[in-house]
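Report on one structure; see the data block that follows.
Scope of the values below: all heavy atoms of this structure, side chains included, with no hydrogens, waters or symmetry mates.
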Amino acid sequence: MNVSVYTMQDLYSVKMRASRMVCDKNEHISGAEKIIHENQMNRCVDNLIFRGFHHEKGKADFINIKLQKVNTDEIVYFDALPVTNVEVSNWQEGYETIKQFLKKSGVVKYNEIMDFLPQTMAMRGAMLLDVNSLMRLEPDLNRGIRATNMDQERNSDYVVSNSKNHYEEAIVLATKVANCPGIVGEICISDDPNYITGYFASKELGYIRISKLKEMGSEFGGRIFLFDGSQYDYNEAINYLQNTYVIVKNMKQFDAVENTKSKVDKWKHLQEQLEDLKTNNLYRTMKQFESSQGAHVCYNGRDIVLMASNSYLDITAHAHIKKYTKEIIDRYGYGSGGSRLTTGNTDIHELLEKKIADFKKCESALVFSSGYVANVATISALVSEGDVIFSDVLNHASIIDGCRLSKAKVVLYKHNDMEDFEKKIKETSFHHALAVSDAVFSMDGDILKLNEFVEICERYNIYSMIDEAHATGVIGQTGHGIVEHYNTDKMPDIMMGTLSKAIGGEGGYVTGNRILIEYLKNKARGFIFSTSLSQASMACGIAGIEIIEQEPERVKKLQQNVKYFCACLRHNGLNVDSETAIVPILVHDEKKALKLSEYLLEKGYYISAIRYPTVAKNSARLRVAIMSTHSKKELKEVAGYICEFLGIGEKNG
């Protein structure tokens, strides 16, 4: 009979939680728990308090100590999981190692499960994830599940250290979790910035300590409990994790653990992901055109109608653009030679910026190498850690990436829902905040409620920023964008746009007041550390804006074509409407969207199938992009083909 030394006298559970106030919010710093003998209590409490005040993440403002007598009859004893130490070269290899062990544990959706890890970063507890449905099972999704009431077996003369032993505490947690009903595995990364190891653990495979799962200095950390809901009730698992007292015996010291070197093929995981994309109809390839971008292009030696291009006004090969660009190349050559702040600034760069500012009726403008860079650089320059960004849930990827890079807290609000936008503002504490939204949403084609958006931002003293990439040259009576569309004086603080869509060239820009632009020149890293676009690219932008101003009939014809195409779809039984050049045809199924795109290409029309992750899963679509130069015959014909494939309306004769 195995008798524990713990039965010799009364035992007490000691729990410590340390936190601090950051931006009027309570931030968790550290936690620990021990099951100790009564004579160890004073020393244990002192050392846990010391730990709370001397954590790598900062000094605590508040420390809570909870003492509770433990009924020894309720304690469950487990032998510690066997330990394997796997040495890896970097965190990417560490992630692939976890995937290997997930597969060994019979987990099929290992890639999707790893995608959940970033969501655990801000949680105090762990995510409880069903491995089959990928549903989160925690009652409180912000707090997560906290496995508590556990420790390792120790003698009555053991002294609890004032420093954390990551290895021992991890073994205790992993052993308790692995023995939980329904748990098939656990993934853990420490949030300690000076501790880069993590682990995968399961009852069958043991505790797999992986030497590197993040970069040194990173506070990223999180934990996922993997649950098989096909055989067990998750409420039973939650009750076990939170309430059952567990003591872990026979723990092997770390210096006695043998090392193994990970032998992951560094290319294998990339190939596996490509195969997964193919299996799920998400693999992407490029089509090679053999002509200039226009309503008609040459593809595989065949003339086809292009209905996927962002060149909405069809001016990329306009005679004025070609003539002016050739003149500028003759004068300046092609390359700019450096960043704008060193040698890459010329009068042609500044001429374009004045042209943009005048076009947008703003004080000043700044050109970036692309629209993507303009968003990322501007957002990350305006806000930082401790600030807040309010972002529409359907914003473009460049906005999302700019938010991530800024390290500000991101609060998502429902798509174009101004009530929810204001509600989220009221619920959030902040000193500095930015609200950002697409003007025309690139995958749905709908338009921001600009007046309400700007009014709310002004009411709460928040920077307002809009992305006009798909608005300029498209909406407004003369194509000047969303402000003209609403005929309003409600100007956003920051307007970003591109030269690469309706304007027909390349590059991005930001407009606003002079303070904003001077600030970005000095703070926006995507501007400071990038070689400037060539003078030829600047010339394309200047000429493109001039064409929009001098040929307003192009904008009018584009808007008429959109109305006509939507009317053709409705006539065939497909209820679709749009005020912009983007007309989404929702198909939902990825494979069906690809088949429809292929069918239309056979008929002489190229329209892209848009799939996850560009849009949400099960919302695959064809994104029809109308040009001003599409003929009514083409619009009517392709509308008929679309409806014919979808099984509605009349067939084309």
Indicate yes or no: at least one non-hydrogen side-chain atom of Leu102 is less than 4.5 angstrom from one of Met114.
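Leu102 vs Met114: side chains touch.
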
Side-chain contact test, heavy atoms from C-beta onward, threshold under 4.5 Å: evaluate it for Phe430 versus Asp387 and give yes or no.
no

Hey, does the Lys NZ or Arg CZ of Lys426 hover above the aromatic six-ring of Tyr460, less than 6.0 Å from the centre and inside 45° of the axis?
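Not flagged: Lys426 not positioned over aromatic ring of Tyr460.
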
side-chain contact (heavy atoms from CB on, under 4.5 Å) with Leu173: which of Thr175, Ile171, Val177?
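Going through Thr175, Ile171, Val177 one by one, the side-chain contact (heavy atoms from CB on, under 4.5 Å) with Leu173 is satisfied by Val177 alone.
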
Distance-minimising heavy-atom pair for [X] and [Y]:
{"X": "Val587", "Y": "Ala593", "answer": "CG1-N, 3.8 Å"}
{"X": "Arg611", "Y": "Ala620", "answer": "CG-CB, 4.2 Å"}
{"X": "Tyr195", "Y": "Lys214", "answer": "O-CE, 3.1 Å"}

Under 6.0 Å from the [atom1] atom of [X], do we count more than 12 heavy atoms belonging to anything else shown?
{"X": "His432", "atom1": "NE2", "answer": "no"}
{"X": "Asn575", "atom1": "CG", "answer": "no"}
{"X": "Lys66", "atom1": "NZ", "answer": "no"}
{"X": "Gln92", "atom1": "CD", "answer": "yes"}

Salt bridge or not for [X] and [Y], using N-O below 4.0 Å?
{"X": "Arg621", "Y": "Asp444", "value": "yes"}
{"X": "Glu186", "Y": "Arg223", "value": "yes"}
{"X": "Glu96", "Y": "Lys99", "value": "yes"}

Pair listing, side-chain hydrogen bond (donor to acceptor under 3.5 Å, both in side chains) test, anchored in residues 579-598, at least two apart
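Sorted result for residues 579-598: Ser578-Thr580.
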
Quick one, Phe390 with Tyr413, criterion ring pair (Phe, Tyr, Trp, His ring centres under 6.0 Å). Give me CA distance, side-chain angles, the key distance, then yes/no.
CA-CA 7 Å; Phe390 298 96; Tyr413 62 88; 7.8 Å; no

Using side chain to side chain contact (heavy atoms under 4.5 Å, CB included) as the criterion, list what pairs up with Ser442, not counting sequence neighbours.
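Side chain to side chain contact (heavy atoms under 4.5 Å, CB included) check on Ser442 returns His396, His470.
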
